[in-house]
2 protein chains.
Amino acid sequence: MSWSEQVLTELSAEGHRLTGPRRQILEYILRYTAPFTAEELLADLHQTEVQVGRATVYRTLELLQQHEWLRLVHRPEGEHGYVVGEPGHQHHLVCRACGKVTMFEGCELETLLGGLAERLHFRIESHWLEALGVCRSCQVAGS
Amino acid sequence: MSWSEQVLTELSAEGHRLTGPRRQILEYILRYTAPFTAEELLADLHQTEVQVGRATVYRTLELLQQHEWLRLVHRPEGEHGYVVGEPGHQHHLVCRACGKVTMFEGCELETLLGGLAERLHFRIESHWLEALGVCRSCQVAGS
DNA sequence: TCTCCCAGTGATATACTGTATCGTCTAGCT
DNA sequence: AGCTAGACGATACAGTATATCACTGGGAGA
Ligand SMILES: [Zn+2]
Ligand SMILES: [Zn+2]
Ligand SMILES: [Zn+2]
Ligand SMILES: [Zn+2]
């Protein structure tokens, strides 16, 4: 079952409608290999025969992010971009050369943050971890 | 030597001018206990007798951030805010109740990320770590 | 202390980004 | 097929950030 099929299934199960624009956006998103913004997606869609309204793009991306099918990461330039994700706890490695994102799960931060929280009397509820560097293919290309 | 004096010294050493607006902004920044945005600082300054131009506020904050005298953190609402910082490696705990930020240094992420980088053949150059939760005083107040 | 030069300022205009509104349409159910 | 609430999208609007450019004043050197 592909990513877009999974998303459509879950959305439908929650009572959301599977409209044409949503299907088209879902399909188009998969073309991206690097984080993208709502404006970029909108502009790219307008280059094609697909004509989707600005509001719909923003609404759809936010809906997907709330369901964790999309995630926010910091792009090397500084702003936030969306990347395709899976529900559950996960973090990202962002390549500053090509922008590609590598996911990894199972971070062992809980113990580290647990000790810290106890020491500072701070109740930690969630954390944001992200690494910036150079991916394998860009290392090869650069050397 | 206070934070603003340190900043002024470094800026001067690099050939930047110590202008009136810069001094006033530096002084005002220290009033904040929670992350602030450029627009908020601008509005707050306009409430006082200090009249600084919009462009100057944006330029000054960016200048300070480049020198790591200011840092960006995620505010509970989602956007980025500035907090006073020191140059060097450091991370933040952000309270979702009062917004206050607690810094901590010396994270032991290097080993964790080191193993990961080797496994994924990803050269990690920097990382972003931030925790969201409830600070001590807000825990007391809430219970 | 005085002069001069240019980094810095700030008013204005403009571009960019995101949201509110609201009439229309259609997906999905009966 | 018909109904209806959810979704769409054109438009207007609000908020955020940057470009421009004439002017100012910080500070180095005379
Ligand atoms: Zn790469
Ligand atoms: Zn961010
Ligand atoms: Zn608090
Ligand atoms: Zn660290």
Side-chain angles (χ1 to χ4, degrees), chain A residues 4-5 7-29 35-67 69-70 72-75 77-82, chain B residues 4-5 7-29 35-67 69-70 72-75 77-82:
Chain A
S4 45
E5 286 171 333
V7 175
L8 289 172
T9 301
E10 177 175 330
L11 289 182
S12 177
E14 290 190 6
H16 296 285
R17 290 190 183 168
L18 309 184
T19 66
R22 283 184 180 161
R23 293 175 188 276
Q24 290 173 319
I25 289 174
L26 279 180
E27 196 175 345
Y28 198 92
I29 281 177
F36 60 94
T37 65
E39 288 295 326
E40 287 168 357
L41 174 57
L42 182 65
D44 291 345
L45 285 174
H46 280 184
Q47 300 284 41
T48 71
E49 72 287 347
V50 183
Q51 295 301 315
V52 184
R54 170 188 301 271
T56 300
V57 170
Y58 277 90
R59 282 190 290 236
T60 302
L61 292 182
E62 193 182 348
L63 179 67
L64 294 176
Q65 193 212 329
Q66 286 168 354
H67 288 76
W69 292 111
L70 284 181
L72 281 178
V73 298
H74 286 121
R75 305 207 296 184
E77 310 92 59
E79 354 73 282
H80 286 164
Y82 289 101
Chain B
S4 45
E5 285 171 334
V7 175
L8 289 172
T9 301
E10 178 175 329
L11 289 182
S12 177
E14 291 190 4
H16 296 285
R17 289 188 183 169
L18 309 185
T19 66
R22 282 183 180 161
R23 293 175 187 275
Q24 290 172 319
I25 288 174
L26 280 180
E27 196 175 345
Y28 198 92
I29 281 177
F36 61 93
T37 65
E39 288 294 327
E40 288 168 356
L41 174 56
L42 182 64
D44 292 344
L45 285 174
H46 280 185
Q47 300 284 41
T48 71
E49 72 287 348
V50 183
Q51 294 301 316
V52 184
R54 170 187 303 272
T56 300
V57 170
Y58 277 91
R59 283 189 292 236
T60 303
L61 293 182
E62 192 182 348
L63 179 66
L64 294 177
Q65 192 212 330
Q66 286 168 354
H67 288 75
W69 290 112
L70 284 182
L72 281 178
V73 298
H74 286 122
R75 304 207 296 184
E77 310 91 61
E79 353 74 280
H80 286 163
Y82 290 101

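Every chain is numbered from 1 and lettered A, B, ... according to where its sequence line falls, protein lines coming before strand lines.
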Checking the side chain of B:H46 only, and the main-chain atoms of B:V52 only, is there a donor and an acceptor separated by less than 3.5 Å?
yes
Can you figure out which of D:dT18, C:dT9, C:dC6 approaches the side chain of B:R17 most closely?
C:dC6
Are B:Y82 and B:L41 packed together at the side-chain level, in the sense that at least one heavy-atom pair is separated by less than 4.5 angstrom?
no
Would you kindly give the CD-to-P distance between B:E62 and D:dA19, to the nearest whole Å?
10 Å
With respect to the side chain of A:A55, which nucleotide from C:dA11, C:dT17, D:dA10 is positioned closest?
D:dA10
Tell me: CD of B:E79 to C1' of D:dG15, nearest whole Å?
12 Å
Write down the distance between CD (A:E39) and P (C:dA15), rounded to a whole number of angstrom.
15 Å
In whole Å, what is the span from the CZ atom of B:R23 to the P atom of D:dG25?
15 Å
B:E77 atom CD is separated from D:dT16 atom C1', nearest whole Å, by 16 Å
Could you pick out which residue, B:G53 or A:T37, lies toward the 5' side of DNA chain C when each is mapped onto its nearest nucleotide?
B:G53
Considering only D:dA17, D:dA7, D:dG26, which nucleotide approaches the side chain of B:T19 most closely?
D:dG26
According to a strict under-4.0 Å criterion, is B:R59 in side-chain N/O contact with OP1 or OP2 of C:dG8?
no
Is it true that atom CD of A:E62 has more than 12 heavy atoms of other residues, nucleotides or ligands lying nearer than 6.0 Å?
no
Between CG of A:L64 and C1' of D:dA7 the distance, given in whole Å, is 14 Å
A:R54 atom CZ is separated from C:dT21 atom C1', nearest whole Å, by 15 Å
Please report the distance, rounded to the nearest Å, between CG in A:L61 and C1' in C:dT19.
15 Å
With a 4.0 Å cutoff (strictly under), does any side-chain N or O of B:R22 reach OP1 or OP2 of C:dG8?
yes
A:R54 (side chain) donor-acceptor with A:L42 (main chain) under 3.5 angstrom:
no
Which residue lies more 5' along DNA chain D, comparing B:L18 with A:L63 via nearest heavy atoms
A:L63
Check whether any side-chain nitrogen or oxygen of B:H16 sits under 4.0 Å from OP1 or OP2 of C:dG8, and answer yes or no.
yes
Starting from the 5' end of DNA chain D, give me the residue, A:Q51 or B:A38, whose nearest nucleotide shows up first.
A:Q51
Residue B:T56, side-chain atoms from C-beta onward, closest of D:dC8, C:dG10, D:dA17:
C:dG10
For the side chain to side chain contact (heavy atoms under 4.5 Å, CB included) test, which of B:L70, B:V7, B:T60 pairs with B:I29?
B:L70
